[in-house]
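Sequence lines set the chain letters: A, B, ... in the order given, protein chains first and strands last, and positions in each chain run from 1.
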Amino acid sequence: MSEVAIHHPGSEAFEPSLFGTYSKKIGMWLFLLSDTLTFGALLFAYSYGRISNPDWPTPFHKESIANATLMTGCLLSSSLTMVLAVLAAKRRDRSWTRNWLLVTMLFGTAFILLHGMEWSKLIEEGMTPFKNPWAASVPQFGGTFYTLTGMHMLHVTIGVIYLGVVALRKKFLPILFLLWLLGWLAIPASSVFHVGIHVLLLALIVAAIVLFLKPKDYDAHDVEVSGLYWHFVDLVWMFIFPLVYLMSTRI
Amino acid sequence: MATTAPVHVHAAPQGFIRRYVFSLDHKVIGIQYYFLALAAVFVGMFLSLLMRIHLVWPTAQIPLFGEIKPETYLTLLTMHGTIMVFFVLTTAPQSGFGNYFLPIQIGAPDMAFPVLNMLSFWTTFVAFVVMIAAFFVAGGAPLHGWTGYAPLSAVPNSGPGEALGADLWIVSIAIFCIASLMGALNFITTVLDLRAKGMTMMRMPLTVWAWFITAILGLLAFGVLLSAGILLLMDRNLGTSFFVPGGLNFTGQLTVTPGGLSPSTTNFTHHGGSPLLWQHLFWFFGHPEVYIAILPGMGVASQLLSTFSRKPIFGYKAMVYAIMAIGILGFVVWGHHMFMSGMSPYSAFAFSIMTMCIGVPSAIKTFNWLGTLWHGRIRLQTPMLFAIGFVSLFVSGGLSGPFLAQPVLDIPLHDTYFVVGHFHLIMGVAAIFGIFAGTYYWFPKMFGRMMNERLGQIHFLITLLGTYAIFMPMHYLGLAGQTRRYSQFTEVAYQTKLVPLQTFMTYAALITIAAQFLFLINLFWSMRKGAKASDNPWESTTLEWSTATPPPHDNFGGQTPVVSHGPYEYSVPGAPRDFIMQTDPATTATH
Ligand code: HEM
Ligand SMILES: [Cu+2]
């Protein structure tokens with residue numbers, strides 16, 4: 001990899017960066033900006049379907065809201081632990097950086113598991129992307145629900161893996177491999193997650209390529225950038241939770 | 001090719017694959033993008049040739065193809081538009097020239113994220129392969145137009161080509177979105193972070209401004225198209241009804257059967273979706289996209305008009321703010337593509353006003369270009385010819401915009417050739433002229449040799465006259481009621497009178513297309529045999545002309561240039577030469 005040495009802005013040879021910060025952070029902010037539009041389009045599609053279908057069902061009862069609140073709690077706590085991880089990284093406290101990152105991942109994983117169980121229950125009740133037991137004339141209910149939450153779940157999954165790579169580097173690869181294998185064997189073949197778990201395998205391949213081509217120590221900047229991503233994913237949920245869950249509640 | 005090779009003179013030894021295939025050098029990547037677009041433009045041009053022939057001689061037997069069927073015509077139309085818009089007009093001016101020259105023009109050794117840059121090229125390449133593959137699968141390529149209008153595109157097997165071909169089309173577009181997002185992110189970060197000392201924002205060449213704003217448009221627009229594509233794929237393959245209303249009837253069947261992945265035993269009906277949702281999402285991307293195609297051309301035109309008139313660009317700041325205004329307004333006018341959809345007259349009014357506002361910055365740019373030419377010492381070399389041609393085409397195509405921006409006029413004009421004339425002049429040909437201008441101008445820097453001037457002038461003359469001959473009459477056809485997107489009208493009573501004009505346009509197209517081979521010959525011949533180029537053959541001022549030809553691997557041979565001047569200091573009184581390079585010492589007269 002003979003790469004042109006990219007001088008860090010701030011070095012004398014360059015104009016100061018317009019936002020006074022390093023490239024990776026700007027890159028992440030820009031990615032998040034475009035991702036906002038991606039989610040924005042999905043939320044727009046949801047609102048559009050919802051407004052134009054007056055029979056929109058409101059099937060979520062206490063249990064589902066309790067579950068979703070718990071999930072929200074997981075994400076909120078994970079944002080806090082993420083902040084702690086970034087602070088630890090700035091102090092150059094390696095072990096606490098890693099610990100807080102692991103706790104964040106744990107909350108993220110809990111979120112995914114709770115979400116997965118909820119999906120499974122809804123599928124059991126007969127809700128699919130094209131129909132639902134509550135309003136036959138509104139197939140959009142399932143469609144928008146699975147698209148929005150599915151896209152978000154994918155983002156959380158990628159986030160957990162991203163943090164795992166930052167926290168443990170190559171040591172994370174075998175863990176990811178085991179997670180994939182266990183998940184694949186444990187989840188019954190009839191579940192969508194039996195196929196969905198292969199996201200982990202894909203991520204494993206990508207992570208391995210990244211880690212072997214660019215074996216480096218992740219510093220405080222890298223932790224901060226991963227934190228930006230993580231907080232964004234949390235923030236998106238703070239839109240999905242009221243719009244998709246609370247507004248479809250009958251209590 | 002010995003002369004074209006040493007792009008990497010300072011690079012550590014690398015294998016062929018690292019140097020030319022998976023290269024991290026933005027210059028190699030820029031050339032890769034350029035040649036991808038060149039391949040695409042010839043495919044797209046070939047498709048348009050078939051269309052033009054079919055339009056006037058519908059029963060013609062074409063070698064290897066036989067007679068073109070009406071549905072094949074729609075396939076050609078779809079693939080022509082898609083390939084041209086995405087793989088030519090978005091790829092060459094922004095990703096091609098932008099990659100090569102944006103870092104050099106701001107004095108950076110490379111893009112901010114070289115690996116990402118390589119990935120974005122190869123992702124684009126994959127998207128192109130998938131797009132072309134649509135021709136060869138069962139059922140062939142789709143016929144839902146470059147705009148992919150639902151519900152035709154959202155229901156599997158709604159027509160010929162709407163099987164696997166349509167899925168591939170959507171997948172290709174989605175991949176293209178991801179590639180463009182990576183590219184855009186890289187461009188923006190590079191401009192923000194890697195400007196050489198003295199290269200303040202307001203000293204950036206207008207090309208850099210154009211690429212920068214284009215990248216911002218891309219960053220915001222492609223994410224939306226990506227989502228729209230995902231939803232469309234779900235409608236087709238998972239049976240959702242985002243874009244499909246109930247009770248549709250395709251080829252004699254109600255739309256109850258799901259296609260693709262979902263089990264066909266599942267009994268469900270599409271219901272409650274809205275084709276307009278697709279139009280909103282598509283045009284929220286689609287209108288910024290037309291500016292993604294044209295802004296880099298505007299940048300190139302500004303750069304060249306100033307250089308070849310030996311005058312500073314007229315109103316540099318106004319140019320910068322006009323690009324910004326166009327970029328911002330571009331996001332709030334998408335509704336002007338949907339006047340026919342039965343939108344509320346109040347929204348139509350709002351969209352109409354916003355759209356006409358875009359005329360203001362567009363006019364500012366045009367007048368500044370004219371002001372730059374005014375009293376200039378004009379050098380009519382080929383790059384300049386194409387830059388002037390750009391301005392001419394931009395005005396000709398742009399003037400019909402404000403007409404179309406008014407719902408009362410647009411409703412009769414929307415489905416006619418008038419719109420086809422509008423967007424071909426301004427988006428098709430003007431943007432292509434920007435690419436040509438850029439090619440003739442930067443070729444010496446990229447390949448170390450000059451292109452043939454005489455061939456270039458002939459190419460320019462035929463192309464300018466030819467494209468006007470093809471696309472100007474479309475306005476008259478449209479006003480006369482010639483419908484667009486139809487394959488056969490030679491038999492339609494009220495349209496038969498228009499056939500002679502159509503025939504004329506087809507002949508013009510044949511000649512213009514033939515002339516493009518002059519360009520191709522010139523390009524490849526000059527790469528090997530052209531006269532050797534000096535470091536600064538056009539006596540330009542921007543940074544790419546102060547480094548070696550072709551530039552070394554890190555662009556400036558281990559140094560970072562120091563910039564002391566604005567980008568267009570030509571004919572400065574008291575200066576020793578009629579141009580002051582941006583890197584000239586500050587003691588020279590400055591402003
Ligand atoms: C003053 C500036 C402009 C105005 C007011 C304007 C206005 C419009 C309007 C109202 C339409 C919709 C017509 C219809 O479908 O019925 C349209 C279509 C179109 N315009 Fe423009 N336009 C302008 C400049 C441009 C530029 C700079 C480009 C590209 C570089 C462009 C590309 C297109 C394309 C591609 C379409 C047709 C898309 C399709 O239906 O397939 N326009 N324009
Ligand atoms: Cu538009």
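- To the nearest 0.5 Å, the span separating CD1 on B:I188 from OG on A:S23 amounts to 13.0 Å.
- Rounded to the nearest 0.5 Å, atoms CH2 (B:W278) and OH (A:Y48) are 14.0 Å apart.
- In this structure a side-chain-to-backbone donor-acceptor pair under 3.5 Å is missing from A:Q140 to B:F242.
- Not a single donor-acceptor pair under 3.5 Å links the side chain of A:T38 to the backbone N or O of B:S227.
- Judged as a side-chain contact (heavy atoms from CB on, under 4.5 Å), and not counting sequence neighbours, the contacts of A:P242 are A:L246.
- With a 4.5 Å cut-off on non-hydrogen atoms, B:T200 touches chain A through its backbone and its side chain both.
- Enclosure of atom CH2 in A:W180 by more than 12 non-hydrogen atoms of other residues, nucleotides or ligands within 6.0 angstrom is indicated.
- In this structure, B:M199 CE and A:F14 CZ are separated by 11.5 Å, a value rounded to the nearest 0.5 Å.
- Interface residue B:M201: only side-chain heavy atoms are found under 4.5 Å from chain A.
- Atoms OG1 and CG, on A:T147 and B:L231 in that order, are 6.0 Å from each other to the nearest 0.5 Å.
- Going from atom CG of B:L219 over to atom CG of A:L37 covers 7.5 Å, rounded to the nearest 0.5 Å.
- Closest heavy-atom contact between A:F130 and B:L238: CD2-O, 2.9 Å.
- Within 6.0 Å of CH2 in A:W134 there are more than 12 heavy atoms belonging to other residues, nucleotides or ligands.
- Shortest non-hydrogen contact noted between A:P129 and B:T240 is O-CG2, 3.3 Å.
- With a threshold of 4.5 angstrom between heavy atoms, B:F222 does not approach chain A through any atom at all.
- Taking CG of A:L18 as the start and OG1 of B:T189 as the end, the distance is 12.0 Å to the nearest 0.5 Å.
- A:E15 places a side-chain N or O within donor-acceptor distance of the main-chain N or O of B:G198, the cut-off being under 3.5 Å.
- For chain B, no part of A:T36 is nearby; none of its heavy atoms comes within less than 4.5 Å.
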Item to complete: Verify side-chain contact (heavy atoms from CB on, under 4.5 Å) between A:F44 and B:H280, making sure each step is shown before the conclusion.
Response: CA-CA 10 Å; A:F44 180 76; B:H280 278 298; 4.1 Å; yes
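- The stretch residues 187-199 of chain A places none of its residues near chain B, where near means some heavy atom under 4.5 Å from a heavy atom of that chain.
- If you measure heavy-atom distances from B:I230 to chain A, the contacts under 4.5 Å come from the side chain alone.
- No other option in B:V191, B:V563, B:L226, B:L220 has as many heavy-atom pairs under 4.5 Å with chain A as B:L220.
- Between chain B and the residues A:G49, A:S52, A:G20, A:A41, the most heavy-atom pairs under 4.5 angstrom are made by A:A41.
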